[in-house]
K.L.:
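Mind looking over this structure? Questions follow.
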Amino acid sequence: MSKLKELYLNSMREFKSPKTLALIGLMAALAMVLNLVASISIGPYIKIGFSGLPNRIVEALFGPFVGCIFGGALDILKFLIKPDGTFFPGFTFDAMLAGILYGSILYRKEISLPRIFCAELLAKVIVNCGFNTYWISVLYGKGFLALLPLRLLKNAIMLPIDTIIVFICLTFVAQLTHKFRVVPFKRRTAELSK
C-alpha cells in the first residue's frame, strides 16, 4: 500500500515542474491536432483514432495523478473545440479513469510489450467495453448488451494494434529522454544508454 501511495505522491509532485507543464501543454496541442485530423467515426458508437497517444505519453512520463487530470481536462477541451454529440460527464470520467490505469501501470516502469499489453487490456475491458458502453447505452437509450458485441470486437481488434503503437511511441520517448538526460523510465536494454 505504501508503494501505491508513494506512486501517487510522486505523480502529484510532477505538477511542480515548469518542464512538466510545458510538455503537458505540447501533448495537449498534439492530441487536439490528432483528434481533428486522425480520427474516424464508424457510426455513432465507435470511433478509431490516434488522439490517445499523447495521453499515454503523459501517463507514462508523469504518472496516474497527472494522467487523470490531463485526461479529464483534455476530454472537456476536445469537446469544446470539436463537439461530437452532447457533452456527457461519464466520458470525462472514463478519460480520467484511463489516466489512472495507464499511469499506475506505466509510470517510472520499464517499457515492455507485456506491461503495455496489460495496461491496454485493462483499459479496454474496464473503460472502453465496461463504462464507455454503459454511458453510450444511457445516452442513446440503446441496450447495453446490444452494443457490447460490436464494441468487444472493435477493442479485440485494436488491442494488439494499440499495444504495438504505444510500445513504439514510448520506446521512442524513452530514447529521447535518455538522450537529453531526463530519465523517467527504467532502462530496458543497454542500447538505450548509447
Side-chain angles (χ1 to χ4, degrees), residues 1-39 49-82 89 91-120 122-123 127 162-194:
M1 191 65 164
S2 64
K3 283 187 179 183
L4 190 63
K5 181 180 176 183
E6 187 176 329
L7 178 82
Y8 281 87
L9 288 175
N10 286 336
S11 180
M12 291 172 87
R13 288 185 197 110
E14 297 282 0
F15 268 127
K16 292 181 181 179
S17 168
K19 289 180 187 179
T20 299
L21 297 176
L23 186 58
I24 287 172
L26 289 172
M27 289 294 109
L30 179 60
M32 293 306 303
V33 170
L34 289 173
N35 187 50
L36 292 172
V37 299
S39 23
F50 296 101
S51 65
L53 286 175
N55 292 58
R56 304 301 83 85
I57 293 169
V58 166
E59 293 148 2
L61 288 175
F62 307 118
F65 183 79
V66 175
C68 175
I69 302 299
F70 180 79
L74 192 58
D75 183 71
I76 293 168
L77 188 61
K78 282 180 186 177
F79 177 78
L80 292 174
I81 291 177
K82 184 183 174 188
F91 297 128
T92 304
F93 169 79
D94 289 349
M96 295 174 80
L97 181 58
I100 292 170
L101 287 172
Y102 283 107
S104 297
I105 296 170
L106 301 175
Y107 181 52
R108 294 188 177 179
K109 303 282 190 330
E110 177 184 327
I111 301 301
S112 68
L113 275 172
R115 182 179 307 281
I116 293 170
F117 180 83
C118 287
E120 287 288 335
L122 276 175
V127 177
D162 287 344
T163 299
I164 291 167
I165 291 171
V166 170
F167 176 75
I168 290 168
C169 285
L170 290 182
T171 301
F172 177 72
V173 169
Q175 289 173 345
L176 282 178
T177 58
H178 288 297
K179 181 178 180 180
F180 294 107
R181 292 183 171 71
V182 180
V183 188
F185 298 109
K186 291 187 177 180
R187 293 213 168 155
R188 182 170 51 86
T189 61
E191 65 195 42
L192 288 177
S193 62
K194 292 181 182 177

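These numbers come from a predicted model, not from an experiment.
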K.L.:
Using the rule given for side-chain contact (heavy atoms from CB on, under 4.5 Å), can you reason through Glu14 versus Tyr107, listing the C-alpha separation, both sets of side-chain angles and the distance that settles it, and then say yes or no?
P.N.:
CA-CA 11 Å; Glu14 297 282 0; Tyr107 181 52; 2.8 Å; yes

K.L.:
Kindly give the heavy-atom pair with the smallest separation between Ser51 and Lys78, and that separation in Å.
P.N.:
OG-NZ, 3.0 Å

K.L.:
Among residues at least two apart in sequence or on other chains, which ones pass side-chain contact (heavy atoms from CB on, under 4.5 Å) with Ala95?
P.N.:
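Ala95 satisfies side-chain contact (heavy atoms from CB on, under 4.5 Å) with Asp75 only.
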
K.L.:
About how many Å separate OG of Ser2 and CG of Leu7, when rounded to the nearest 0.5 Å?
P.N.:
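Answer for the CG-OG pair, Leu7 versus Ser2, is 11.0 Å.
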
K.L.:
Taking atom CZ of Phe15 as the centre, does the number of heavy atoms from other residues, nucleotides or ligands within less than 6.0 Å exceed 12?
P.N.:
yes

K.L.:
If every non-hydrogen atom of Ser104 is compared with every non-hydrogen atom of Ile100, which pair is closest and at what distance?
P.N.:
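Where Ser104 meets Ile100 most closely, the heavy atoms are OG-O, 2.7 Å.
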
K.L.:
State, to 0.1 Å, how close Ala98 and Val127 come at their nearest heavy-atom pair, and which atoms those are.
P.N.:
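Closest heavy-atom pair between Ala98 and Val127: N-CG2, 4.1 Å.
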
K.L.:
If I take atom CG from residue Leu106 and atom CG from residue Leu170, how far apart are they, to the nearest 0.5 angstrom?
P.N.:
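Output value for this atom pair is 6.5 Å.
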
K.L.:
Looking at CZ of Arg13 and OG1 of Thr20, how far apart are the two atoms once the value is rounded to the nearest 0.5 Å?
P.N.:
13.0 Å

K.L.:
If you look only at distance, which donor and acceptor atoms sit under 3.5 Å apart when one is on a side chain in residues 56-65 and the other is two or more places apart or in another chain?
P.N.:
unit_1 : atom_1 : unit_2 : atom_2 : d
Arg56  : NE     : Glu59  : OE1    : 2.8
Arg56  : NH2    : Glu59  : OE1    : 3.4
Arg56  : NH2    : Glu59  : OE2    : 3.3

K.L.:
So for atom CE, which belongs to Met32, do other residues, nucleotides or ligands contribute more than 12 heavy atoms lying within a distance under 6.0 Å?
P.N.:
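Correct, the count exceeds 12.
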
K.L.:
As an exercise, state the distance from CG of Leu4 to CG of Leu9, rounded to the nearest 0.5 Å.
P.N.:
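Those atoms lie 10.0 Å apart.
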
K.L.:
Determine, step by step, whether Ser112 and Phe117 satisfy the side-chain contact (heavy atoms from CB on, under 4.5 Å) criterion, reporting the C-alpha distance in whole Å, the side-chain angles of both residues, the deciding distance to 0.1 Å, and the verdict.
P.N.:
CA-CA 9 Å; Ser112 68; Phe117 180 83; over 6 Å; no

K.L.:
Can you tell if the side chain of Phe50 reaches within under 4.5 Å of the side chain of Leu30, non-hydrogen atoms only?
P.N.:
no

K.L.:
Keeping the roles fixed (side chain from Thr171, backbone from Phe167), state whether a donor-acceptor pair exists under 3.5 Å.
P.N.:
yes

K.L.:
Supply the atom-to-atom distance Phe70 CZ to Leu23 CG, rounded to the nearest 0.5 angstrom.
P.N.:
8.5 Å

